[in-house]
Amino acid sequence: MDRVAAREIFRYAPEIDFNFGYKFFLGNMTNYKQALLAILKSIRSKLPLLQAMLVTKEYEGLRTITRTLRQMLNHIGANEISEQSYQLEIALLNEEEYNLQDKLERYIKRLIRFTGNLEILIKQLDIQEPIQKQEELKSFRNHDFTKTRESIRRSTDLLERRII
């Protein structure tokens with residue numbers, strides 16, 4: 001997938017700065033897509049915990065969750081949500097009980113919206129994926145990989161499928 005097409009697809013998730021994430025993953029869209037999927041799974045697993053903390057007002061583990069999400073979101077280019085994670089963590093460390101509840105509620109709402117946008121983005125990236133794999137396969141057939149590990153791995157795959 002070329003950079004221009006990928007940038008257009010990232011319109012579905014306006015929270016993500018595509019250029020920042022693309023540079024962080026060194027232009028490797030496969031790794032970028034895997035990171036997006038991992039973040040989606042991570043947020044889905046942490047949302048029920050965050051909602052329980054909001055209801056019970058017991059914040060055990062909140063700092064760990066916010067730090068983890070902050071770093072993950074920062075890597076893909078979701079800098080505003082990452083900053084919101086940081087502000088929530090600061091409020092927790094400063095024991096701002098009155099402010100913490102409000103920040104946590106806004107943070108959860110933002111994560112829910114972001115999760116929806118991220119799901120749409122990942123579905124759009126999956127639609128584009130088969131074209132990329134076909135192009136990789138064409139380039140594989142036209143290139144001499146005789147002395148690389150990748151060729152050995154692909155050759156064994158082809159042998160297992162009895163293509164060679």
Q.
Walk me through whether Y12 and I122 qualify under side-chain contact (heavy atoms from CB on, under 4.5 Å).
A. CA-CA 9 Å; Y12 294 104; I122 289 172; over 6 Å; no
For [X], all residues meeting salt bridge (charged side-chain N to carboxylate O under 4.0 Å, His left out), sequence neighbours excluded:
| X | answer |
| --- | --- |
| K109 | E105 |
| E83 | none |
| D102 | R106 |

Rounded to the nearest 0.5 Å, how far does [atom2] of [Y] lie from [atom1] of [X]?
| X | Y | atom1 | atom2 | answer |
| --- | --- | --- | --- | --- |
| L125 | L118 | CG | CG | 9.0 Å |
| L100 | L93 | CG | CG | 10.0 Å |
| L104 | L54 | CG | CG | 5.0 Å |
| K23 | Y32 | NZ | OH | 12.0 Å |
| I39 | I81 | CD1 | CD1 | 10.0 Å |
| Y59 | L88 | OH | CG | 9.0 Å |

Q) Can you check side-chain contact (heavy atoms from CB on, under 4.5 Å) on N19 and D17, steps first, answer last? A) CA-CA 6 Å; N19 292 327; D17 180 6; 4.0 Å; yes
Q: Keeping to residues at least two apart or across chains, list the salt bridge (charged side-chain N to carboxylate O under 4.0 Å, His left out) pairs with something in residues 36-56.
A: R44-E119
Q: Check whether any side-chain N or O of T115 sits under 3.5 Å from a backbone N or O of L111 as a donor-acceptor pair, and report yes or no.
A: yes
(Q) Strictly distance-based, threshold 3.5 Å: is any side-chain N or O of T56 a donor or acceptor partner for the main-chain N or O of A52? (A) yes
Under 3.5 Å, sequence neighbours excluded: what are the donor-acceptor pairs made by side chains of residues 60-73?
{"residue": "T66", "atom": "OG1", "partner": "L62", "partner atom": "O", "Å": "3.1"}
{"residue": "T66", "atom": "OG1", "partner": "R63", "partner atom": "O", "Å": "3.0"}
{"residue": "R67", "atom": "NH2", "partner": "E89", "partner atom": "OE2", "Å": "3.2"}
{"residue": "T68", "atom": "OG1", "partner": "T64", "partner atom": "O", "Å": "2.8"}
{"residue": "R70", "atom": "NH2", "partner": "E89", "partner atom": "OE1", "Å": "3.3"}

Who are the side-chain hydrogen bond (donor to acceptor under 3.5 Å, both in side chains) partners of [X], not counting sequence neighbours?
| X | answer |
| --- | --- |
| N99 | E96 |
| Y107 | S85 |
| N117 | E15 |

Q) In the hydrophobic clustering (ILVMFWY, side-chain contacts below 4.5 Å, transitive), which residues join V55, or is it alone? A) none
Q | Transitive ILVMFWY cluster of Y86, excluding itself - 4.5 Å side-chain cut-off | A |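 Besides Y86, the hydrophobic cluster comprises I90, listed by chain and residue number.
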**Q.** Side-chain touch L36/I16, heavy atoms, less than 4.5 angstrom
**A.**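 They are in contact (side-chain heavy atoms under 4.5 Å apart), so the answer is yes.
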Q: Would you indicate whether the side-chain heavy atoms of Q51 and I112 approach each other to under 4.5 Å?
A: yes
Q) Does the pair M29 and Y22 meet the rule for a side-chain contact (heavy atoms from CB on, under 4.5 Å), with working shown? A) CA-CA 7 Å; M29 279 305 294; Y22 190 76; 3.7 Å; yes
(Q) If I compare all heavy atoms of F20 with all of G77, which pair ends up nearest, and what's the gap? (A)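 Smallest heavy-atom distance, with atoms named: CD2-CA, 3.5 Å.
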Q: For the pair F24 and H75, name the ring-plane relationship: parallel under 30°, tilted 30 to 60°, perpendicular over 60°.
A: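 Geometry flag for H75 against F24: parallel rings.
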**Q.** Set of residues satisfying side-chain contact (heavy atoms from CB on, under 4.5 Å) with respect to A35, sequence neighbours excluded
**A.** F25, I76
Q) Mind checking what makes side-chain contact (heavy atoms from CB on, under 4.5 Å) contact with E80, not counting sequence neighbours? A) R110
Q: Could you go through the side-chain contact (heavy atoms from CB on, under 4.5 Å) check for M53 and E58 one step at a time?
A: CA-CA 5 Å; M53 288 178 191; E58 291 184 21; 6.0 Å; no
